[in-house]
Protein chains: 2
Amino acid sequence: MSRVPRADRLPLSRERILAAALEVLDADGLEGLTMRRLADTLGVGAMSLYRHVTDRDDLLDLVVEGILAETEIPASTGGWRTDLEAIARAARVGLLRHRGATVLVTTRLGLGRGGLAAVERTLGVLRAAGFDDATAVAANRALGNLVAGAVLYEAAGLGGAQGDDRARRRDQGRALMAALPEDEFPNLRAAAGAMFAVSADAAFDAGLAALLDGFEGLLARGHA
Amino acid sequence: MSRVPRADRLPLSRERILAAALEVLDADGLEGLTMRRLADTLGVGAMSLYRHVTDRDDLLDLVVEGILAETEIPASTGGWRTDLEAIARAARVGLLRHRGATVLVTTRLGLGRGGLAAVERTLGVLRAAGFDDATAVAANRALGNLVAGAVLYEAAGLGGAQGDDRARRRDQGRALMAALPEDEFPNLRAAAGAMFAVSADAAFDAGLAALLDGFEGLLARGHA
DNA sequence: CCGTCTTGCGTACATTGTACGCCTTGCGTA
DNA sequence: TACGCAAGGCGTACAATGTACGCAAGACGG
C-alpha cells in the first residue's frame with residue numbers, strides 16, 4: 001500500500017506542492033507561478049508535479065483551497081452583528097495574505113469545502129438571528145461580494161502585479177488625480193485628499209458597518 | 001499627414017481592434033482572446049496588431065476602457081438614493097455585458113477615464129447629499145466593491161470559462177449541495193432552496209438597498 | 001529473486017506573446 | 001512627372017509555457 005520513499009528526499013505530495021506554490025505566488029505573483037518554476041522550488045522536475053496534480057488548473061484550485069483553509073473563521077461571540085463583522089474581517093485579512101491569489105479566490109469561490117465553511121457559518125448566524133432564508137442568502141451574498149470586491153481592489157491598488165509596480169501605481173494614481181481637469185472631475189479633485197488619507201481597513205469597516213446597519217434595520221422592521 | 005488606405009480594405013485602428021476583441025472575448029472568453037485569433041478575426045496578420053497596440057496588456061486595457069465607455073451612467077433623477085441605485089445597477093449590468101472581461105475590469109479599475117467618470121458621479125451625488133469627504137469616499141468604495149464582487153460572482157457562477165461549463169457548474173453546484181453532510185452544513189442544506197431560487201438581480205438589489213439604508217442612517221444621525 | 005506498482009523525470013511538441021526587419025502603398029515635394 | 005519616404009501590414013523566428021508520452025528506478029509482496 002503505502003510505499004516508503006527514498007530516505008534522502010521526502011516525497012512529493014499535494015501538501016508540499018501547495019506550500020511551495022504559495023511561496024512562489026507570494027514572491028512572483030500569479031504569472032510567476034509556472035509549473036517549471038514551482039518544480040524548481042521543490043527541487044524536482046516539472047513533470048513530476050503531474051503525478052499529484054492533474055492540471056495547472058487543478059493546482060490553482062489547490063491553492064485556493066489552501067488559502068481558504070488557512071483563513072480561519074472566528075468562533076461566535078454571541079451577537080449576530082459582531083459575529084458577522086468578525087467573519088467578514090477575518091475573510092478579508094485572510095485573503096489578503098496572498099495578494100497574488102485574490103483573483104483566483106474571488107473567481108473560483110463556491111467550489112470546495114473552504115468557501116462553503118464560511119458560507120455555512122454566515123448563514124448560520126443570520127438564520128439564528130431571525131432572518132428568513134431568502135434574506136439570509138441575499139445578506140450572505142452581499143457580504144461575500146463586499147469582501148471580494150475589497151480584497152481585489154486592495155490587492156490591485158497596491159500593485160496588482162509584482163513588487164515594483166506598487167510604488168509606480170500609487171504615484172501614477174496621484175499624478176493622474178492631479179492632472180484631472182478641474183471642471184470635469186470637481187468631486188474627485190475635492191475628495192482626492194480623503195481618498196488617499198482613508199486607510200483600507202477603515203474604508204472596509206465603514207462599508208461593512210453600513211451594510212450591517214441596513215440588515216439590522218430590515219430585521220427590526222420585520223422585513224426579514 | 002493622414003494617409004488614405006487602400007480602398008479595398010479599411011485600415012486597422014484601435015477602434016476596430018477593440019470591437020473585434022470584444023467579439024472574440026464574448027465568443028471564446030478571456031483565454032480565447034489571443035493575438036493570433038484576434039488578428040484572424042480582423043483578417044490581418046498577427047503582427048499587424050502591434051502597430052496599434054503595444055502589448056497584450058495594452059490590448060486588455062483597451063478592452064477595459066471600451067467596456068467602461070460602453071456602460072453609460074444614468075443622469076441624475078434628483079434623490080441621492082435613487083441616483084446611487086441607478087448608478088450601481090447600471091454599472092453591474094454594463095459590466096455583465098461582457099462576462100469574460102469581468103476579471104479584467106474589476107482588476108484594472110481606476111486607471112483610465114472610464115472608471116473615473118463613475119467615481120466622479122458617485123462622489124458628486126454623495127457630497128451633494130451632505131456626506132463629508134471621508135464618508136463619501138468610503139461609501140463610494142463600498143458601492144464599487146459590492147458591484148465588483150457581484151459581477152465577478154455572477155460571471156463565474158454561470159460558468160466562469162466558456163459556454164458549456166455553465167450547465168456543468170450549476171449541476172455541479174446542486175449536486176455538491178445535496179452531497180453535503182447534513183450535520184456539518186445544516187444551514188447550507190436548509191437554505192439551499194432559497195440559494196438557487198433567488199434571482200441574481202434580486203440578490204444584488206437587496207444588498208444594495210441594505211448598504212444604502214446604512215448610509216442613509218449615517219446621514220440621518222449626522223455621522224457623515 | 002522476481003514481477004509489479006509507485007513515482008520521478010527527460011524529451012518533445014503545440015500554443016502563446018512578441019522582436020526584427022522587409023515590403024508595399026500612397027503621399028508630399030521638387 | 002518622378003522620387004523618396006513614412007506608415008502600416010506582415011513573415012519569420014524565438015523564448016516561454018503547459019503538458020502528452022514513455023522510460024527508469026526503487027520498494028514491496030510473493
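Labels below follow one simple rule: chain letters A, B, ... track the order of the sequence lines, proteins then strands, and each chain is numbered from 1.
Every residue meeting the side chain to side chain contact (heavy atoms under 4.5 Å, CB included) condition with A/Arg36, not counting sequence neighbours, appears here in chain and number order: A/Thr34, A/Ala46. With sequence neighbours left out, A/Glu15 forms a salt bridge (charged side-chain N to carboxylate O under 4.0 Å, His left out) with no residue at all. Take B/Asp26 and apply the salt bridge (charged side-chain N to carboxylate O under 4.0 Å, His left out) test, not counting sequence neighbours, and it matches no residue. For the salt bridge (charged side-chain N to carboxylate O under 4.0 Å, His left out) test, no residue two or more places apart in sequence or in another chain qualifies with B/Asp55. Partners of A/Asp40 under the salt bridge (charged side-chain N to carboxylate O under 4.0 Å, His left out) rule, at least two apart in sequence or in another chain, do not exist in this structure.
Counting only Watson-Crick or G-U wobble pairs whose defining distances are both under 3.5 Å, the stems of 3 or more consecutive pairs in DNA chain C are C:1-30 with D:1-30.
Rounded to an integer number of Å, the gap from B/Leu38 CG to C/dT18 C1' is 14 Å. Put simply, CG on B/Leu42 is 14 Å from C1' on D/dG8, counting in whole angstrom units. For A/Asp40 and C/dG10, the CG to P distance is 11 Å, given to the nearest whole Å. One can place CZ of A/Arg51 at 10 Å from C1' of D/dC21, the figure rounded to the nearest angstrom. Nucleotide D/dT19 holds its C1' atom 14 Å from the CG atom of A/Asp58, rounded to whole Å. As a whole-Å value, the separation of B/Ile17 CD1 from D/dG8 C1' is 11 Å. In this structure, CG of B/Leu49 is placed 14 Å from C1' of D/dG11, rounded to the nearest angstrom.
Residue pairs meeting the side-chain hydrogen bond (donor to acceptor under 3.5 Å, both in side chains) criterion with at least one member in residues 176-185 of chain B, sequence neighbours excluded, do not occur. Listed by first then second residue, pairs satisfying side-chain hydrogen bond (donor to acceptor under 3.5 Å, both in side chains) with a partner in residues 188-197 of chain A number zero, not counting sequence neighbours.
Put simply, B/His52 has a side-chain N or O that comes within less than 4.0 Å of OP1 or OP2 on D/dG9. Between C/dC9 and A/Ser48, a contact under 4.0 Å exists linking OP1 or OP2 to a side-chain N or O.
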Task: Per-nucleotide protein contact string for nucleotides 12-17 of chain C, where B marks a base within reach and S marks sugar-phosphate only (heavy atoms under 4.0 Å, - for neither) - done: ----BB
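Under the 4.5 Å side-chain criterion, counting only non-hydrogen atoms from C-beta, B/Thr107 is not in contact with B/Val64.
Within 6.0 Å of CD on B/Glu70 lie more than 12 heavy atoms contributed by other residues, nucleotides or ligands.
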